[in-house]
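So the structure is just underneath, and the comments pick up after that.
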Amino acid sequence: MLTNKSLIAPSDFTLEEIEELLALSERVIESPARYADACKGKLLASLFYEPSTRTKFSFDAAMLRLGGSTLGFSDPNTSSTAKGETIADSARTVGKYADVIVVRHPKEGTAKLMSRYADCPVINAGDGGHHHPTQTLTDLLTIRHYKGDFGGLTVGVCGDLKFGRTIHSLVTCLARYQNVRFLFISPEELNMPAFVKEELIAKGVPFTETADLEGSISQLDVLYMSRVQRERFISEEEYLRLKDFFILTADKMRLARQDMIVMHPLPRINEIATEVDADPRAAYFEQVKFGMYVRMALIMKLLGAGEPQD
Ligand code: NCD
């Protein structure tokens, strides 16, 4: 039962609940008009303490397409945060106005903290370099669309595995499915953090670490690219040294299987050459669309909105 739950990390939902959400997303994709009033009269508050294009707009679009309304900020300097209000007090306050809160914050743990104080469910839209569970739901819906199932996949995640919160959420979630295998492709400085690797080891999920994209690409069913997370670096010099470590080009795509898909949470900086966009295996802009539908399903479930009657 998802009603009134908060979503901080993918592990907050059971695989059955995730299945329920993906199934509802697919029904919404089939006939979006049926759901046009599903959240009528409900209010979604989005508090973005960090920049966003897709996550913010897809939540807004999702709520509006369900007949609900939205309010919030994307610049914390326009809120009482600028006066020194604590996260706990902001959560207590906004939770009195809204039916659901979506929060993105540079500090790990902020969404969890808010969920303790708000009177309504809180959705983590990214907490520092930690988790980004709604991107994972987006990614799962995308993988399901192209691959049918999650079991048995070989998934390569490439780029900034250290700070990439979408990667931490996706890998720990996919690890719960049968026979998934990972290739972690990164420069050593941006290796997958221990909290993710320890979870895989505990579950007996196989993974290999490498810095060789060209040598690994032919093994993959899914290649998940990511940008180097500039804002999480202490040293700009270090960022500049690592930012173009991997660039996926048409030449490298020639080494990949015909049925491999390329995903990316976006924004893309340099890590996928624009020439790859025309490749039928490039799934990243379709992925964007799935993000809105899965958020429609998520909002409906958390708010306990019933399936519309025809
Ligand atoms: C990601 C994020 O914010 O973590 N963006 C997104 O929500 N699609 C990825 C990124 O910023 O690199």
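Every number for a ligand or one of its atoms is a count from 1 in the order of the listing. The shown structure was predicted, so the numbers you read here are calculated from the model rather than taken from an experiment.
The atoms of ligand 1 that sit less than 4.0 Å from any heavy atom of Arg227 are 10 (C), 11 (O), 12 (O). Proximity to Thr55 (heavy-atom distance under 4.0 Å) selects the following atoms of ligand 1: 6 (C), 7 (O).
Given atom 4 (O) of ligand 1, the protein heavy atom at minimum distance is Arg165 NE, 2.7 Å. Of the protein's non-hydrogen atoms, the one nearest atom 8 (N) of ligand 1 is Pro265 O, 2.8 Å. Nearest protein neighbour of atom 9 (C) of ligand 1, counting heavy atoms only, is Leu266 O, 3.6 Å.
Environment of OH in Tyr146: crowded, with over 12 heavy atoms of neighbouring residues, nucleotides or ligands closer than 6.0 Å.
Shown here for Gln219 and Gly215, the closest heavy-atom pair between the two residues is NE2-O, 4.1 Å.
Note that CG of Leu242 is 13.0 Å distant from CD of Gln229, once rounded to the nearest 0.5 Å.
An N or O contact shorter than 3.5 Å is missing between Glu231 and ligand 1 by distance. Note: no N/O pair closer than 3.5 Å links Arg54 and ligand 1 by distance alone. Not one N or O of Pro267 is nearer than 3.5 Å to an N or O of ligand 1, by distance alone. An N or O contact shorter than 3.5 Å links His132 to ligand 1 by distance.
The residue Glu50 has no part lying near ligand 1, judged by heavy-atom distances below 4.0 Å.
Distance alone, capped at 3.5 Å, places no donor-acceptor pair between the Gln135 side chain and the Thr166 backbone.
Counting heavy atoms from C-beta on, the side chains of His145 and Lys289 never come closer than 4.5 Å.
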Exercise. Stepwise, does the salt bridge (Lys or Arg N to Asp or Glu O under 4.0 Å) test hold for Arg165 with Asp127?
Worked result: CA-CA 8 Å; Arg165 56 195 176 194; Asp127 62 328; over 6 Å; no

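If you chain together hydrophobic residues whose side chains sit under 4.5 Å apart, Met263 and Leu174 fall into the same group.
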